[in-house]
Amino acid sequence: MSAWKEKLRRVVTVEPVIFLYMTSTFIVTPAYQQMIITKVCQDLFKNDTICSNPEHHKGDEEVQTTASYILLLFNATLSLVSIPPAIMLDSWTDRAGRR
């Protein structure tokens, strides 16, 4: 292996990769939540003036409840889908990674 690859391998460990992944996740999550709330409001009320300021409307609880349920399903799906690859990668790294 060339010297620069070996040096890069020593510098890039799992911690910076996880840091970058979680940073991108935390940046995208509020935007995704706001998009879901806006889409649910537009679907329920079909009125942009109500959706621009939903806190002063009596249907705000219904919008929040529906959006919360959609976000719960989204997070549960992502969590359940990630379990099989994590199990396979764990057993693979135990066999191939430790020398």
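With values rounded to the nearest 0.5 angstrom, Ile18 atom CD1 is found 11.5 Å from Thr23 atom OG1. To the nearest 0.5 Å, atoms CD1 (Ile37) and OG (Ser68) are separated by 9.0 Å. Between atom OG1 of residue Thr66 and atom CG of residue Asp43 there is a gap of 9.0 Å, rounded to the nearest 0.5 Å. Atom CD of Gln33 sits about 12.5 Å away from atom CD1 of Ile70, to the nearest 0.5 Å.
One hydrophobic cluster, built from ILVMFWY side chains closer than 4.5 Å, holds both Tyr21 and Phe26. When hydrophobic clusters are built by joining Ile, Leu, Val, Met, Phe, Trp and Tyr residues whose side-chain heavy atoms come closer than 4.5 Å, directly or via intermediates, Leu71 is not grouped with Tyr69.
Checking Thr77, Leu78, Ile83 one by one against Val81, the side-chain contact (heavy atoms from CB on, under 4.5 Å) holds for a single residue, Thr77.
Nearest heavy-atom pair, Val40 versus Val63, reported as atom, atom and distance to 0.1 Å: CG1-O, 3.9 Å.
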